[in-house]
Amino acid sequence: MSREAHTMYLTFWVIAVLSIGILLHGTMAFNTAEKGFQMCMTLKENTKDLRHHNLTAIPPNLPAQTEYLDISYNNIARIEDGQLIHLTHLCFLKATNCNLRFISPEAFANNKEIKVLNVSNNLLKIIPKMNLNTLRVIDLSGNEYYSYALPDSFSNFTHLQILALGSKNTISLKLKDFTPLKDIHLEQLILGEGIQVQEYEPGSLAQLRYLKRITLNVSFCQSFVIFDQILVDLNQTQTQELSLVKFVPDDCHVLVDPFTALKNFDGLRKITITQTWINSTVMVKLLQNVWHSPIEDLTFINIVYNEDTPDGMQFPNQNTTTKVKSITFDGIKHYQYQYPKFNISMEHFTHLSYLKFSGTGMNILPCNLISAIPSLQTLDLSDNLLKEAGFWWPLCKPTEIFPSLRHLSLSNNRFIDLAHISKQSSQIKLLESLDLSFNSIRLTGPCSWSPHLTELSLSHNNLGNGVFKYLSTNFKRLDLSKTGITTISQEVLSQFPSLTHLILSSNSIQVIPLNLRAPVLQALFIDQNAIAYISEGVLDGLPKLETLVAGKNPFSCTCDSYWFVTAMNKSLLSDWPMDYSCSTPPSYADTSLVNFKPGNLSCKPWLQAAVSFSVLTVIIVVFAIVFHVCDGVWYTKMLWVWIRVKRRARKGEDRLLKCSFNYHAFISYSQHDSTWVDTQLVPTLEGTGLSLCIHERDFVPGQWIVDNIINCVEASYKTIFVLSQNFVQSEWCNYELFFAQHRAISVDQDSVVFILLEPIPPDSLPSTFLKLRTLLRQQTYLEWPKDECKKHIFWSSLRSMLQIGDKGIALRNVATNIMDTCSLLANQG
Ligand SMILES: *[C@@H]1O[C@H](CO)[C@@H](O)[C@H](O)[C@H]1NC(C)=O
Ligand SMILES: *[C@@H]1O[C@H](CO)[C@@H](O)[C@H](O)[C@H]1NC(C)=O
Ligand SMILES: *[C@@H]1O[C@H](CO)[C@@H](O)[C@H](O)[C@H]1NC(C)=O
Ligand SMILES: *[C@@H]1O[C@H](CO)[C@@H](O)[C@H](O)[C@H]1NC(C)=O
Ligand SMILES: *[C@@H]1O[C@H](CO)[C@@H](O)[C@H](O)[C@H]1NC(C)=O
Ligand SMILES: *[C@@H]1O[C@H](CO)[C@@H](O)[C@H](O)[C@H]1NC(C)=O
Ligand SMILES: *[C@@H]1O[C@H](CO)[C@@H](O)[C@H](O)[C@H]1NC(C)=O
Ligand SMILES: *[C@@H]1O[C@H](CO)[C@@H](O)[C@H](O)[C@H]1NC(C)=O
Ligand SMILES: *[C@@H]1O[C@H](CO)[C@@H](O)[C@H](O)[C@H]1NC(C)=O
């Protein structure tokens with residue numbers, strides 16, 4: 001066994017979980033284990049699965065960002081120029097079983113990122129020329145060409161690592177076939193279509209100087225000479241791994257020893273025999289050659305075993321030890337229903353540390369044989385028919401029980417009784433890890449685990465939340481995927497202070513509690529549960545966490561995922577972003593989480609509050625500025641005047657009905673303000689048909705001024721005082737006198753209108769002007785504005801105060817005026 005195989009086991013837990021994930025999620029369209037898939041890691045939405053779509057050509061409307069395209073199982077005879085022209089990001093193209101007959105040399109001219117092309121199982125009559133210099137993996141097997149001659153364009157495939165060729169029509173291998181690849185660092189070649197090769201030009205494969213792995217899907221029976229020639233070439237290229245598919249046809253009588261060359265094959269480390277019928281006679285020949293070869297890893301996959309020697313496999317008196325470190329049997333069909341017989345001393349296997357018997361139908365462990373291997377560290381008996389009584393067979397009294405065994409897999413068997421297993425397995429003194437996944441384990445009673453045992457997998461057994469009570473506090477790695485767990489709590493986790501790896505995939509956990517504390521936990525798998533979001537703070541109690549796998553959960557693309565999407569360090573997530581997509585709300589369903597952009601604003605309440613506060617402040621400030629700039633005070637006052645005018649309108653009606661007036665208004669003003677009165681007030685008011693009494697013009701000469709005033713006041717509907725500092729100082733004293741003497745004349749507030757030409761604060765008035773002070777305090781007055789547009793409003797306010805009769809018209813006039821002015825203001829702004 002190579003070191004690889006050992007490390008393979010160390011990563012076994014993870015791999016097991018991943019492959020289980022793939023198995024169970026068959027709905028996942030793509031086989032992620034496929035060669036080259038990792039080179040094209042892509043988002044789910046950039047993959048297009050168009051298998052079985054009755055297509056007759058590559059659809060022209062594929063999204064330009066497509067990276068993975070599978071158009072297998074259609075009827076696409078040709079890939080023409082330009083059909084893929086817009087798919088500039090295409091990385092992985094698979095078109096198997098498509099009846100493909102033709103690929104245009106320039107079909108991929110625009111696909112500068114294509115790394116994997118799989119056009120196996122089609123009808124290509126020649127290996128097509130292609131302009132595909134970025135290619136890493138190409139599979140052309142299962143086609144119909146008559147020669148393996150590669151076109152010259154392959155000499156441009158400078159990155160090519162894996163090549164698969166195979167055609168039922170090709171029976172010869174020529175020197176020139178692989179010449180274009182002689183400078184390419186091709187690492188792996190998969191060659192042949194399961195038929196015999198009748199001609200091989202020696203040296204053909206020796207041209208592939210960098211070849212490390214080769215799969216020969218070639219039958220040899222009459223032609224073991226060719227096999228020898230191939231081995232000589234592969235010995236030159238220092239190929240390390242040789243895989244033989246359908247090595248001998250079922251009806252072949254193997255008379256010679258086909259494996260003699262293996263003994264001197266210096267670089268070879270691994271040999272795999274797949275899909276082959278093997279008689280015990282052939283097996284003995286193989287093993288005896290392997291015994292003396294440098295091979296460390298011997299693997300059989302899906303073989304048919306037939307014992308055609310009466311005593312089984314006899315290996316008497318082997319006087320050397322073998323270098324073999326790893327032996328794998330994965331899938332054995334027994335031609336006869338009997339146990340294979342071995343006569344071999346395990347003493348010679350001093351390097352054997354890995355042994356796998358999987359898919360063999362084993363129901364009783366050949367205990368004296370296997371449990372005695374002194375160096376055996378890993379035993380994989382998965383996928384058999386073992387029960388407790390078959391593995392710990394009562395009749396078997398082994399002298400040694402797995403002296404070095406550290407890792408045992410009993411996955412996918414028929415074990416039931418956890419208490420029994422825990423007790424029995426503690427006899428395997430050094431056992432560190434035990435895999436009981438895919439059994440029918442029940443929690444039968446208290447368990448007593450060996451203190452050395454630190455890793456346990458119980459995945460895919462229906463155990464429920466109670467399982468934690470039956471586990472050892474020494475456990476470091478625990479796989480409880482698909483065991484029916486619905487909750488995980490700090491109370492449970494605290495029982496396992498050494499836990500570094502916890503796998504809870506494929507359960508029904510809905511929440512990861514915020515208070516989880518696991519000081520040494522390094523890896524947590526909670527994918528394929530019912531988790532809607534991962535909250536901030538979940539990781540606080542997990543300071544050593546390096547790996548978090550949380551994909552394929554029904555994520556809620558709302559603010560609950562805000563932290564996870566925006567802030568969390570994704571370097572922890574080994575399955576990000578491929579496996580993370582939204583489940584709710586429906587409008588986001590199947591969107592990749594990486595593409596979900598929650599709004600900063602909508603997701604942070606304090607931010608929301610802060611923003612609305614500042615927006616409000618800004619509005620208020622803007623309003624205040626506008627108010628100030630546009631003299632809002634003045635407008636407000638105006639409005640107030642209007643409200644009062646309106647209110648008093650009804651009161652005045654009686655007076656109006658009873659009296660008749662000569663003038664609409666009597667105007668009293670100071671000489672100093674006569675310019676304004678003459679040029680502004682009088683023309684404007686008289687221009688609208690109002691009649692005014694002005695003392696200079698309309699006073700009867702010779703009469704005492706006070707009499708004149710009284711006459712005018714009595715003949716006018718209103719009295720207008722044009723107030724200014726001048727007026728107050730020069731004229732008002734007359735009126736104070738007048739109002740004092742003529743108390744009888746009712747000077748009710750309604751008949752007086754003040755126009756302020758300049759600001760006159762009531763308090764600045766001399767204290768003797770009692771009347772004025774009170775009137776100014778009580779009375780609404782009109783201020784003469786400097787601003788042109790406000791003057792409209794001023795005039796219309798004044799006019800309507802003087803208007804006798806139809807108040808409605810007057811008010812309407814003001815309203816229209818205010819509106820005009822406002823629109824004027826708006827236009828200015
Ligand atoms: C090409 O596709 C076939 C069919 O899915 C698959 O069996 C084969 O492994 C693929 N080839 C490579 C090199 O991955
Ligand atoms: C393809 O055609 C077959 C038979 O005509 C039909 O049953 C099948 O639904 C079609 N598949 C698709 C994806 O249209
Ligand atoms: C290899 O690529 C170069 C540049 O793309 C091209 O000019 C040349 O013709 C190609 N060689 C072959 C043998 O196709
Ligand atoms: C070997 O060839 C057979 C055809 O006889 C094919 O079905 C099979 O997929 C090939 N196996 C490999 C590993 O290429
Ligand atoms: C393989 O090559 C080595 C020299 O590198 C040679 O000694 C040995 O005989 C060769 N084996 C075969 C089977 O050709
Ligand atoms: C295996 O042995 C049987 C006789 O038991 C013989 O008929 C068959 O051809 C042999 N097959 C191979 C592959 O050696
Ligand atoms: C096993 O081989 C030894 C010779 O090494 C022989 O004596 C013995 O009888 C064989 N046992 C069986 C069961 O064939
Ligand atoms: C045992 O070793 C001797 C000499 O070292 C050799 O001749 C003999 O063939 C070996 N026996 C086996 C079964 O390999
Ligand atoms: C994420 O974590 C890794 C290692 O834990 C660190 O190197 C990297 O800088 C972190 N990234 C960010 C954005 O914090």
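All ligand and atom numbering here is 1-based and tracks the order in the structure. The shown structure was predicted, so the numbers you read here are calculated from the model rather than taken from an experiment.
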Query raised in the report: Do Asn46 and His89 come close enough that some side-chain heavy atom pair is under 4.5 Å?
Result: no

Report summary line: ligand 5 atoms nearer than 4.0 angstrom to some heavy atom of Ala261 are 13 (C)

Report task. Could you check if a side-chain atom of Thr179 sits within less than 4.5 angstrom of a side-chain atom of Gln207, using non-hydrogen atoms only? Result -> yes

Report task. Kindly indicate whether a cation-pi arrangement holds for Arg78 with Phe102, taking the cut-offs as under 6.0 Å to the six-membered ring centre and within 45° of the axis. Result -> yes

Report summary line: Here the atoms of ligand 3 under 4.0 Å from any heavy atom belonging to Asp152 are 13 (C)

Query raised in the report: Among protein heavy atoms, which sits nearest to atom 5 (O) of ligand 1, and what does the distance come to when rounded to 0.1 Å?
Result: Lys94 NZ, 2.8 Å

Report task. Give the numbers and elements of all ligand 5 atoms closer than 4.0 Å to a heavy atom of Asp266. Result -> 3 (C), 4 (C), 5 (O)

Query raised in the report: Would you say Ala164 touches ligand 1, if touching means a heavy atom closer than 4.0 Å?
Result: no

**Report entry** Top protein contact for atom 13 (C) of ligand 1, by heavy-atom distance
**Finding:** Asp139 OD2, 3.6 Å

Report task. Check Asn413 against Asn384 and note the closest heavy-atom contact, atom names and distance. Result -> OD1-C, 2.9 Å

Query raised in the report: Does the side chain of Phe357 reach to within under 4.5 Å of the side chain of Leu381, using non-hydrogen atoms?
Result: yes

Query - Atoms of ligand 1, numbered as shown, that sit under 4.0 Å from any heavy atom of Ser120 - result: 1 (C), 2 (O), 3 (C)

Query raised in the report: Any N or O of Asn156 that comes nearer than 3.5 Å to an N or O of ligand 3?
Result: yes

Query raised in the report: Do the charged groups of Glu144 and Lys125 touch, with an N to O distance under 4.0 Å?
Result: yes

Requested in this report: Would you mind listing which atoms of ligand 1 come within a distance below 4.0 Å of any non-hydrogen atom of Thr96?
Outcome: 2 (O)

**Report entry** Leu234, Leu262, Asn235: member with heavy atom nearest to atom 11 (N) of ligand 5
**Finding:** Asn235

**Report entry** Side-chain (Arg213) to main-chain (Leu211) donor-acceptor, under 3.5 angstrom
**Finding:** no

Report summary line: If you scan protein heavy atoms around atom 14 (O) of ligand 3, the nearest is Ser153 CA, 3.6 Å

Query raised in the report: Does Ile162 have a non-hydrogen atom less than 4.0 Å from ligand 1?
Result: no

Query raised in the report: Which residue holds the protein heavy atom closest to atom 6 (C) of ligand 1, what is that atom called, and what is the gap in Å?
Result: Asn118 ND2, 4.2 Å

**Report entry** Heavy-atom side-chain proximity of Trp277 to Asn306 below 4.5 angstrom
**Finding:** yes

Query raised in the report: Of the options Phe220, Phe265, Tyr200, which is the one that meets Phe227 in a ring pair (Phe, Tyr, Trp, His ring centres under 6.0 Å)?
Result: Phe220

Report task. Verify the contact flag for atom 9 (O) of ligand 3, where contact means a protein heavy atom under 4.0 Å away. Result -> no

Query raised in the report: For the side chain to side chain donor-acceptor pair (under 3.5 Å) test, which of Ser437, Ser411, Ser358 pairs with Ser382?
Result: Ser358

Query raised in the report: Within the structure, does Gln238 bring an N/O atom to less than 3.5 angstrom of an N/O atom in ligand 5?
Result: no

